[in-house]
Protein chains: 2
Amino acid sequence: MQTLKIIIADDHPLFRGALVQTLQTMATDVAIIECGEFSAALKAADEHPDADLMLLDLAMPGVSGFSGLMTLRAQFAALPVVIVSATDDSGTVRRSLELGASGFIPKSSGLDDIRNAVKTVLDGDVFVPGNDSGKAEDDPVLVEILDRLKTLTPQQNRVLTMLAEGLLNKQIAYELGVSEATIKAHVSAILLKLNVDSRTQAVIKLGKINMAMVA
Amino acid sequence: MQTLKIIIADDHPLFRGALVQTLQTMATDVAIIECGEFSAALKAADEHPDADLMLLDLAMPGVSGFSGLMTLRAQFAALPVVIVSATDDSGTVRRSLELGASGFIPKSSGLDDIRNAVKTVLDGDVFVPGNDSGKAEDDPVLVEILDRLKTLTPQQNRVLTMLAEGLLNKQIAYELGVSEATIKAHVSAILLKLNVDSRTQAVIKLGKINMAMVA
DNA sequence: CCACGCCTCCTCCCAAAGGCATAGTGGTGC
DNA sequence: GCACCACTATGCCTTTGGGAGGAGGCGTGG
């Protein structure tokens with residue numbers, strides 16, 4: 001491993017700097033793109049399709065909880081995302097992995113742990129911090145919602161994200177460059193999968209997830 | 001200012017390292033005592049009565065929230081304590097200062113902010129982020145939403161609550177024992193007051209408040 | 001008393017949402 | 001090749017949502 005291209009999305013400049021320091025010891029040529037907010041991370045992922053990895057803070061401004069992760073996974077399925085988070089309870093870890101994260105690094109980790117995690121993910125494996133792996137019991141309601149969310153296709157995820165922003169079908173259609181009829185089809189599919197019967201209820205359900213994440 | 005002795009109490013090695021890096025540029029002779037848990041911080045304060053400052057993470061293992069700060073202030077009244085925290089809402093900041101902290105540094109601060117804060121406190125002043133001392137308001141976006149929410153009449157509040165549960169106008173009308181036309185009128189009034197143009201957006205806006213409450 | 005705000009209800013109207021059926025395209029896996 | 005799925009799209013239909021505008025009853029405070 002001689003060259004690396006890594007996107008770091010974290011709103012703490014100091015922590016970001018420390019990460020950069022750590023990562024730069026891992027290869028002879030390390031390119032790092034730093035993002036302080038989520039929109040910048042999206043932009044970076046778009047502009048650097050050859051990136052090897054993204055380190056994503058769960059608590060980014062501009063996006064609440066896991067929806068950012070979902071958005072990233074939906075739009076850039078090829079980009080491995082490792083969650084970096086201050087909260088590292090097993091529920092948060094597991095949910096991150098269920099939503100497609102390739103690893104989880106608690107912010108309380110030491111340098112070696114972080115390097116090890118990055119190496120593991122770059123090798124194509126999934127990194128999970130040691131203490132976890134136990135299936136601690138969770139609110140069954142949330143688990144059920146997460147299960148349903150997992151069944152959404154990438155495009156449906158994008159549509160759901162836009163629903164959660166309060167956009168009209170028409171606006172979503174314009175944003176995604178498809179017809180309104182298509183969006184309606186997606187929305188119908190989403191409502192079915194989430195087992196609700198209106199867009200409003202869908203965003204409420206999504207909101208519960210975000211609530212559970214920060215709580 | 002040529003010599004400095006600072007105690008850093010934070011359970012994140014990476015962040016601690018970054019702090020050390022930053023602080024060492026502030027004087028020719030900087031002695032730093034690092035503590036990964038609260039008991040070590042107490043011990044350090046005891047062993048280094050000549051320390052100029054302590055940087056204390058609010059979320060330390062071994063102590064919950066502000067009790068650590070209280071303990072420190074009680075036992076080492078002469079040692080200025082600056083809180084370093086990831087959560088930086090005005091309530092947390094205010095409470096920290098009320099409990100005797102000499103300053104508050106959000107973890108999202110940049111290097112310069114941190115250096116500035118430390119310098120301010122070393123000069124005997126109190127450092128408060130948001131540059132207007134003590135009157136740092138909450139997220140203006142949230143304040144604006146709350147202001148709007150306050151203008152809702154009782155009945156409108158009930159209707160909004162039901163909107164947030166994903167009910168249809170018809171269902172709300174049934175629940176409240178009035179006609180659907182009335183509900184429509186209420187909903188229209190709510191949308192006006194919240195400055196949105198769909199029930200979905202209203203629910204989203206309400207969700208933001210709930211998020212801010214638990215976070 | 002009168003004005004004002006709140007709650008209630010109405011009508012007309014149009015836009016948005018959502019169900020249902022159908023179908024072409026492209027990719028993946030067997 | 002065939003099956004399956006995601007994505008796209010169209011058409012038709014009903015229900016829901018929301019704006020505009022008006023209007024009557026009711027209680028409080030000037």
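Below, chain A is the first sequence line, B the second, and so on; all start at residue 1. Side chains included, hydrogens not; waters and symmetry mates left out as well; all remaining heavy atoms used.
Across residues 160-182 of chain B, B:Leu168, B:Asn169, B:Lys170 each have a non-hydrogen atom less than 4.0 Å from an atom of DNA chain D (numbered order).
At least one side-chain heavy atom of B:Leu23 sits less than 4.5 Å from a side-chain heavy atom of B:Ile8. Counting only heavy atoms from C-beta outward, the side chains of B:Gln155 and B:Leu176 approach each other to under 4.5 Å. Counting heavy atoms from C-beta outward, B:Leu206 and B:Thr161 have side chains that stay 4.5 Å or more apart. The side-chain heavy atoms of B:Glu165 and A:Ile204, taken from C-beta on, include no pair separated by under 4.5 Å. Side-chain atoms of A:Asp11 and A:Phe38, non-hydrogen and from C-beta on, never get closer than 4.5 Å to each other. Considering only heavy atoms from C-beta on, A:Thr153 comes within 4.5 Å of A:Lys193 through its side chain.
A donor atom on one side chain and an acceptor atom on the other are found under 3.5 Å apart for B:Ser39 and B:Glu37.
On the nucleic acid side, DNA chain C contacts chain B at distances under 4.0 Å to non-hydrogen atoms, with the end points of that region at C:dC6 to C:dC10.
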What nitrogen or oxygen pairs link the protein and nucleotides 19-30 of chain D at under 3.5 Å?
residue : atom : partner  : partner atom : Å
D:dG19  : OP2  : B:Ser188 : OG           : 2.8

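The nearest pair of heavy atoms linking A:Arg73 to A:Leu79 is NH1-O, 3.0 Å.
Residue A:Gln156 has no polar side-chain atom (N or O) positioned under 4.0 Å from OP1 or OP2 of D:dA6.
One can place CD1 of A:Ile183 at 14 Å from C1' of D:dA6, the figure rounded to the nearest angstrom.
Residue A:Asn169 is tested with A:Arg199, A:His186, A:Lys184 for a side chain to side chain donor-acceptor pair (under 3.5 Å); the sole match is A:Arg199.
Using a cutoff of 4.0 Å between basic side-chain nitrogens and carboxylate oxygens, A:Arg16 and A:Asp57 are not scored as salt-bridged.
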